[in-house]
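Remarks on the structure that follows.
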Amino acid sequence: MQLEKLYKPKLVEEKWRKIWEKYQIYKYSENSNKPVYSIDTPPPYVSATYLHAGHAMSYIQAEIIVRYKRMQGYNIFYPMGFDDNGLPTERHVEKKYKVDKTKIKREDFIKLCLKETDEVKKIYEKMLKSLGISVDWSLLYSTIGKLAQKIAQKSFIDLYNKGLIYQIEAPNFWCVDCQTALSQADLEDKERIGKMYYIKFSKIDNQSLIVATTRPELIPACVALYVNPDDKRYKKFIGNRVKTPIFNQEVEIKTSPDVEKEKGTGLMMVCTWGDAEDVKKWRKDKLDTKVIIDKNGIFNNLAGKYKGLKINQARKAIVKDLHNLGLIEKVEEVRQAVNVHERCGVPIEFLSSPQWFIKILDYKKEFLKRGRKLKWFPKFMKVRYEEWVNGLSWDWCISRDRYFGTPFPVWRCSKCGKVILADEKELPVDPREKSPKISQCPVCGNKEFIPETQVMDTWMTSSLTPLINAKWKEKKSLFKKIYPMSLRVQAFEIIRTWLFYTIVKSHFHTQSLPWDAVMISGWGLDKNGKKMSKSKGNFIAADKIVDKYSADGLRWWATNSSLGQSLRFSEEDVKAGVKLTNKLWNVTRFVLINIKNYKQSKAVKITEYTDKWIMAELQETVKKITNDFEHYDYNKARISLEKFFWLKYCDNYLELCKVRLNSDNKQAKLSAQFTLIKSLNILLKLFAPIIPYVTEEIYHILNNEKENHSIHLTSWPKVERQYLNKEIIKEGELLIKIMHQIRSYRLKKFNSHKQPIKQLAILTKTNHLENFIDEIQKIFKIDKIFFNKKIKGELFNLENYNTKIILD
RNA sequence: GGACGAUUAGCUCAGUUGGUUAGAGCGCUACAUUCACAUUGUAGAGGUCAUAGGUUCAAAUCCUAUAUCGUCCACCA
């Protein structure tokens, strides 16, 4: 077969994408006896709509391991999902179609969400496929899909029955922009320059006290002032009553050791509820409740003349009035970190509303224990998990006041408030559209029920991906085979959410870990080391890179750093990957040209020393790379492979080989041909997990394989002990060193690559070097070679090898 | 303020339990095109391993500080 000089990745990759799909080579086989290896992959948010090189890096790093496992003989269960559920999707649709969820019919809004997610899914699937991600697309799930909803509702019912879920009306994190309650994990810090206002409060006896606050708009919600009990300045005022400015409401001066004397004036204003600290004091000291902000972030009746204003407007208005009254002593600029909602960036408020919670605070110890049992790759990522668990201070709020999510399978009796759960058989259920199966309340006999209208937090569903994949309580045979899953793959920023919540769920539902091991990737960054983002314009679209270069090239780049480390995008490194594929291509051309009349037969054996050498090196490489992949270390594997391929195989072995391929010595030639075919086949397999397209193409050409036989379904090379030989490897190293020295000498002395060498003397104790001499002599056109005999010429000391050579 | 990671050649990154002269790719310089490959080959230049101390016969590697970058958490009056 004739190959063109240039490898054409575009055509080849497109071709194999189609063939792989046609024969479904990545399909999980239900009836196989092979051990199962199952992977829990991140379901992308459809709101993202694009895959950038950073995402691609994360997917690829894990996928390489999956390909390796497949070749190791595992029955791979590799599903893909989409997180098309909940708040992120709603916000995305609201923005894209400029709709207001309060002004559009609920059904119409949901339809819009579904339409959008369907479109985005197609884009995603295409992008992931083009990267060569070997997912079994028949295992696709979606978090808004029926199965996921059903399992999420089952999860709720199971937890409720176990007493792990409660509903309570209490102050919670609230986003006034998204108009929903949030959980601790939804928050993010944002630094900003704020203003600290020093405001005069007056005591009953008209003496004034200065209170420092960054939120003067909360004065109408002020319910107490606090000082540190040891603060000498204020000791005498403890228990006194003070009037708030403008509103003239009386509040008491109370004490708390949490108040820092140095902050502000040492006098702290406590409101309903400015921050978590306020909530804490409100609970502990049973303070009054003066809620002035409603769900939209608009001031209500209690705010008096500021009623109807938004938070920012109210702040301006109050500050202006305070100024006019001469009640502001001074204003300072301060850097402050504000808790904002990570999806919209709007500062969170505390608002009281009935919300559902899962008890997690009582189980921190158990979660830590589970964390310690999990195999972490890389290890240091475990610390991030433990930090998060230790720092938890709120139970998990799982209800959201939104539309597009899994409904709670819950009604309440309109009279006595008894909670009525849906029957497991009728799941998934939307209580707004159906009545409960029972016709009257088991407690009071009332016949009217109120459906729960909130929906679940999106993590409530995505925390169940292992159970959704395993069809928990739906398909026992499957569950038994794939659960707990073998591997979770994700990036580090969602340890506190996805990883943590998944452990929570599995702990409660199945009393086990959800997976055996977790692989955590770093971030792919732009060339300046910044996180890629579309809005900042440093967004490198993965499909564009695949289009410009190749998927194999991009995959090669993704192996450039070790697991868990961040990696800057470098177009040059993608090019290096393309270069590698081309080199592999040309090696194949070389092999094909030189095996033209070769016929495979059992009689052919490796008899020549150079062939034995490269086989020994190759076997060592197989050993090393197998070990690296077993430790999820694609980066080390790639480095070993690259070194062997370029430095030993191409630069030296193939050159040495040429001499015999052109010679009349039949056996010497046969040995080389046999070695070439064998070694190239092994090499292809070693490269296959990293660069699946080019290896597939070459494997087929080289072996004349049928279309439906994929290299990715062949077995991983085993170490063949008969070829292992440490001594010969050592001699090979020396050989390379000698050849290098000759080339260097020749170029320096004659400024030419072609100048023949008159004489070479090798002074060494190494025994078998003369086995290589024939080839060296021909390559360098050396007249005479001497062993352990001094000649006239230039001497070079090869120190590490206890060898000297003399060149003339 | 606490935690984790990073800091190695012009750039992107490796560097196993401390062990000769610290590596690769890209880029750069010189030479080479009848050769499987110019998406090439050969040779070469290029590093005080962030800084300062310490442990050791021996430190990029271990310890203690410091600096810078990234991330997470805490603080939020």
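A, B, ... follow the sequence lines: proteins, then strands. Residue 1 opens every chain.
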- Kindly point out which of C37(B), A14(B), G25(B) is positioned nearest to the side chain of Asn582(A)?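 For Asn582(A), the side-chain atoms sit closest to C37(B).
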- Establish whether the base of C75(B) is bridged to the side chain of Asp189(A) by a donor-acceptor pair shorter than 3.5 Å. yes
Does a side-chain N or O of [X] approach OP1 or OP2 of [N] to a distance below 4.0 Å, or not?
X         : N      : answer
Lys5(A)   : A36(B) : no
Arg568(A) : U12(B) : yes
His740(A) : G44(B) : yes
Ser562(A) : A14(B) : yes
Gln565(A) : C4(B)  : no
Thr214(A) : A77(B) : yes

- Tell me, which stems hold RNA chain B, with a stem being 3 or more Watson-Crick or G-U pairs in a row and both distances under 3.5 Å? B:1-7 with B:67-73, B:10-13 with B:23-26, B:28-32 with B:40-44, B:50-54 with B:62-66
- 5' to 3', nucleotides 16-23 of chain B under a 4.0 Å protein heavy-atom cut-off (B base, S sugar-phosphate only, - none) gives ----BB-S
- Message: Does this structure show an ion pair linking Asp275(A) with Arg215(A), if we count only N-O contacts that are shorter than 4.0 Å?
- Response: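 Not counted as a salt bridge, because no side-chain N and carboxylate O are separated by less than 4.0 Å.
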- Query: For atom C1', what is the distance between U61(B) and U16(B), given to the nearest Å?
  - Reply: 11 Å
- Message: Using a 3.5 Å distance criterion without hydrogens, assess whether the side chain of Tyr385(A) forms a donor-acceptor pair with backbone atoms of Phe367(A).
- Response: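 Looks like yes, one N/O pair under 3.5 Å.
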- Which is true for Glu655(A) with a 4.0 Å heavy-atom rule: it touches a base, it touches only sugar-phosphate, or it touches nothing? base
